[in-house]
Amino acid sequence: MFKILRYSFSDLMRSRWTYFYFGFFLLFTLGLLFLSSDVGKVIISLMNVILILVPLIATMFGIMFYYNSREFTELLLAQPLSRTQLFIGQYLGLALSLSASLLLGVGLPFLVYGIFMSAEIWNFAVLLLNGILLSFIFSGMAFWIALRHENRIKGFGLAIMMWLFFAVIYDGIFLLGLMWFSDYPLEYVSLGVSLLNPIDLSRILILLKLDISALMGYTGAVFEKFLGTGLGISLSFLSLGFWILLPTANIRRVALKKDF
Amino acid sequence: MTHARFAILSFLLLVPLFSRARTLEVCASCAYPTIQQALDASQDGDQIVVKAGTYLQPTLYIAKAITLSGENYPILEAPKGQEILVIDADGVTVEGLQLQNLTPNYLKDLAAIRVRRKGFFRILNNRLINTFFAIYLEYARDGEVSGNTITGTAVNELSSGNGIHGWYGEYVCIENNTIKGHRDGIYLEFMHFCSVSGNHSEANVRYGLHFMFSNDDHYSRNTFRKNGAGVAVMFGKRIGMTDNLFDYNWGRSAYGLLLKEIYDGKIERNRFVQNTIGIHIEGASRVEYHQNTFQRNGWAVKIAGGCLDNDFAGNTFLSNAMDFVLNGRVNSNTFNGNYWSEYTGYDLDRDGLGDVPHRPVKLFSYIVTRTPESIILLRSLFIDLMNFSEKVSPVFTPADILDHKPLMHPLQ
């Protein structure tokens, strides 16, 4: 498995798109830091980008990677290799290379600007951790979708729909629900609903770290109280972990049954 | 007749030269070992100089027009349940003392320095440490409280007192004091024609400055930082607020400035930086908000009901989470000629004013006032898209809240 992982990792590391991804984050972060010396503000601007672009790019990468390396995968399938090892190795290689681009692209400029001296180090760490978790989640989901659908158009369409659902549509339905049931106490319901969407959950985890929580009034108090406790933190990371495990388990299940 | 009047006048003017204004010194080895003995021996116009040391005595009543001053901050304390100084005469000056350690009392508002129904007092450059109420002005007029450093240890509202407490009075000048850790930094109730300027009020449990039922007061050049809420002005008329800094009053129910039942006020050139709510307005009428700067607040301005004829002009709104929230209708309030960092219009004729009106109320802020829980979606992509489409073609937000002449650049 590690051989496969290493192979797909180094394959992706040589890819033009990885450099592009890395370069984009590098330039963007440098630009933000150049324009504003306030590290806290830069983290807020980066948050928006990471929450929207990281899932999108991870989804696109996941889909493209599977369809592009399909011939090679068929070749490998002919070798005495377990399918679990093959596909999980490929997936991990993909997710790790995405995470590495993100980590280096965002991390290097901050390192140069002296993040370790800054008081914002923990906010920055939470931001990066969430970015990496989102990379894992969305590349896994995309990989699963690609594995399920031989038809590339269908696969692409579904993956984009999946991203659109979590990034936009989910919040729309959520908001409609909140307005519809506004006569009821909704703090705990909204807490539960946002635990189910990895993008929402990451956003709230970062916002609470960034001291915007005071804006959130009573609802924010409930969230902060919950997410500040050991139970809350473990539940939210459990939820994010579940979102990584779900595609991983499904990749394995589909891969084992699939007739290539 | 004129000669006689001149003679009397010159006599009156010369009296101070002939009367002997003495200096009485208080220390362990001086002529007066206790302050009380010096007070008993003093006459109007005398100066009592207290040398460095610690003086513990029952409440000192100053009933003569004297100056009580300290050398190198002598420490004055009172036994448990008693006040330290009571000014009981007109024309008293108290300066350079360190008054400390008053125990909280839930029946009496014990104060370190109390002015009781007197005027022409001056309380200058004292240090008040851990005093329940530090300076208590009761029916006081024509006085000055300046340069004092007041430090409390307030934990909650119930068991703490105010730094400078005014209860009925006129023409009191409160200047350049530093107040920390009290319930309200400065509390003025039924105090008229007072001026509060250059003070620094920080980390007080409730408000940095609190007006109740006070008219014709003016406060300027003060800093209000990290208080439960910066300033509350309630039930007052003609109050001027200029050049103050409201900084980091941050918390679930915190605001920089709270206005409640205010008429004919002027709020000019203040800076509101990082407050949860910059100005919270409830029932304020005919108030002018000019050339203020709102920067990085949660809500820059939140207007609840019952506000008429307020005028916002020349203000600068910079990167606030929400610039404007208005509950209800516009009600003849005007919002013209402000700078909004979110304004995306253009200025073709280059007159410095945007050609397209700006809508300061976003759809999301409108939704949040109706469904507070939806704040949890703050900064989500869906919300940004929704705000954008609402901005292009307003359907839900009140169409008449408009800045017709938004500035292209902030006023300097």
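It should be emphasised that the depicted structure is a prediction, and the values quoted were computed from it without experimental measurement. Letters A, B, ... mirror the listed sequences (proteins, then strands); counts begin at 1.
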**Study point:** Separation of A:L207 CG from B:L377 CG (nearest 0.5 Å)
**Key:** 10.5 Å
Review point. Taking every heavy-atom pair that is under 4.5 Å apart, which of A:G172, A:S182, A:S194, A:P185 has the most such pairs with chain B?
Key: A:G172
Exercise for review: Mind listing the closest non-hydrogen atom pair of A:R203 and B:L378 along with its distance?
Suggested key: NH1-O, 2.8 Å
Check your understanding: Could you state the interatomic distance from CG (A:L178) to CD1 (B:I376), rounded to the nearest 0.5 Å?
Key -> 9.0 Å
Practice item. Write down the atom of B:L381, the atom of A:A167, and the distance for their closest heavy-atom approach. Key: CB-O, 4.0 Å
Practice item. Calculate, to the nearest 0.5 Å, the distance between atoms CG and CG belonging to B:L385 and A:D171 respectively. Key: 10.0 Å
**Study point:** Pair B:I383-A:L175, side chain to side chain contact (heavy atoms under 4.5 Å, CB included): steps then yes or no
**Key:** CA-CA 9 Å; B:I383 297 300; A:L175 182 63; 4.2 Å; yes
Check your understanding: Should we count CZ of B:R271 as having more than 12 external heavy atoms under 6.0 Å?
Key -> no
Throw together a table of side-chain donor-acceptor distances under 3.5 angstrom for residues 123-132 of chain A, partners on residues two or more places apart or in other chains.
{"from": "A:N123", "atom 1": "ND2", "to": "A:E120", "atom 2": "OE1", "distance (Å)": "2.7"}
{"from": "A:N130", "atom 1": "OD1", "to": "A:S202", "atom 2": "OG", "distance (Å)": "3.4"}
{"from": "A:N130", "atom 1": "ND2", "to": "A:V126", "atom 2": "O", "distance (Å)": "3.0"}

Point to revise | Which portion of A:I52 sits near chain B, non-hydrogen atoms under 4.5 angstrom | key: side chain
Point to revise | From B:S374 atom OG to A:L176 atom CG, the distance as rounded to the nearest 0.5 Å | key: 11.5 Å
